[in-house]
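Note that the coordinates shown come from a computational prediction; the quantities given were computed from them, not determined experimentally. Below, chain A is the first sequence line, B the second, and so on; all start at residue 1.
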Amino acid sequence: MISKSKNASLSTILPVDSFKELTAPASNAAKRLLDCIFEREIDGELVRVRIVETEAYDQTDAASHSYKGRSQRTDIMFGPAGYLYVYFTYGMHYCANVVVGEAGYGAAVLIRAVEPLGNEGLLERRRGGKSGIELTNGPAKLCQALGINKQLNGHNLREAPLRLVLAPQLSSEAIVTTRRVGISQAKDVLWRFYVKDNSFVSVK
DNA sequence: AGCGGGATTTTCT
DNA sequence: GAAAATCCCGCTT
């Protein structure tokens, strides 16, 4: 039971929701998420990975699932920041996004690549024997490696079995900005970001 | 090293 | 009915 102190201010008692830093536009949050950590519990084991490549998608952007408004599929994108949006694509693959921005604004950041921080044996098994950068250097690859599927759509990233832990903002000199991958609308928008010189980045 | 096709389901027109 | 925020394999240079 937490008792209320007479003297302590409210801000020292209540935990700060760090996900409020994931503000719109989605491009802002996409840069903010570089270098941040996912902690995934799977098969009773813990795997930590570092985000090294992201893409921004928001409702002002023709390439975004949220562009044409809320639907059954995109509903989670219009919720508050800090939840997972998982979609299925090309008949085979899942892709993972972090919902960003205020509730009511449809925005999310696609996680395109992560760098494993230990326990790579588990990832290798889930990836059918692949190893090294092939474990997680693509949006569907990292979902397979981390066991992310539609069951985790709408998951709160403050909770097990998949937590997002924010790291300090990466310096702008360490971030490369480019066009997004695999889209046909809004091709020239520079909303893809990755950690400079990181070998896990999917497309250089 | 680069190109082409197949896998296979959700979503919207 | 077609396209899709992809990946992998096999064939050709």
Residues A:E124 and A:K130 bridged, charged N to O under 4.0 Å = no

Rounded to the nearest angstrom, tell me the gap between atom OH in A:Y94 and atom P in B:dA7.
-> 19 Å

Will you find, in the side chains of A:R126 and A:Q144, an N or O donor that is under 3.5 Å from an N or O acceptor?
-> no

Just call it for A:F88: base, sugar-phosphate, or nothing, with non-hydrogen atoms closer than 4.0 Å on any strand.
-> sugar-phosphate

OP1 or OP2 of B:dT11 sitting under 4.0 Å from any side-chain N/O of A:H65?
-> no

Is A:Y57 stacked on the base of C:dA5, with ring centres under 5.5 Å apart and planes under 30° apart?
-> yes

For the pair made of OH in A:Y90 and C1' in C:dA5, what is the distance, rounded to whole Å?
-> 7 Å

Whole-Å gap separating C1' (B:dT9) and CG (A:N153) = 15 Å

Is a donor-acceptor pair below 3.5 Å formed from side chain A:Y87 to base C:dA5, judging by atom type as modelled?
-> yes

Closest to the 5' end of DNA chain C, once A:M77 and A:E134 are matched to their nearest nucleotides, is A:M77

Quick one: which of C:dA5, C:dC7, C:dC9 gets closest to the side chain of A:P139?
-> C:dC7

Name the nucleic acid region contacted by A:A63, choosing base, sugar-phosphate or nothing; use a 4.0 angstrom heavy-atom cut-off, strictly under.
-> base

Given C:dA4, C:dC8, C:dC7, which nucleotide is nearest the side-chain atoms of A:S184?
-> C:dA4

Opposite nucleotide pairing with B:dG4, Watson-Crick or G-U, both atom distances under 3.5 Å | C:dC9

Side-chain contact check for A:A140: nearest option of C:dC7, C:dC8, B:dC12 is C:dC7

When the distance from CG of A:D75 to P of B:dC12 is rounded to whole Å, what number comes out?
-> 12 Å

Would you indicate what A:R73 reaches in the nucleic acid, counting non-hydrogen atoms under 4.0 angstrom: base, sugar-phosphate, or nothing?
-> sugar-phosphate

Verify the distance criterion only: is there a donor paired with an acceptor across the side chains of A:N137 and A:S202 at less than 3.5 Å?
-> no

With heavy atoms under 4.0 Å as the rule, sort A:I183 into base, sugar-phosphate or nothing.
-> sugar-phosphate

Grab the two heavy atoms, one from A:L162 and one from A:H155, that are nearest each other, plus how far apart they are.
-> O-NE2, 2.9 Å

Would you say a side-chain N or O of A:R127 is under 4.0 Å from OP1 or OP2 of C:dC7?
-> no

Between A:I148 (CD1) and C:dC7 (C1'), how many Å, whole number?
-> 17 Å

Rounded to whole Å, NE2 of A:H93 lies from P of B:dT8 at a distance of 11 Å

Is there a donor-acceptor contact under 3.5 Å from the side chain of A:R112 to the main chain of A:V203?
-> no

Describe the nucleic acid contact of A:R192 in one word from base, sugar-phosphate, nothing, applying a heavy-atom distance below 4.0 Å.
-> nothing

Check the distance between C:dC9's C1' and A:M92's CE and give it to me in whole angstrom.
-> 12 Å

With the side chain defined as heavy atoms from C-beta on, A:K150 is closest, among B:dT11, C:dA5, C:dC7, to B:dT11

Is any side-chain nitrogen or oxygen of A:S71 closer than 4.0 Å to OP1 or OP2 of B:dC12?
-> yes

Taking CZ from A:R180 and P from C:dA4, how many angstroms apart are they, rounded to a whole number?
-> 14 Å

Walking DNA chain C from its 5' end, the first of A:K141 and A:N97 to be reached, judged by nearest nucleotide, is A:N97

Does a side chain donor of either A:D58 or A:Y105 reach within less than 3.5 Å of an acceptor in the other side chain?
-> yes

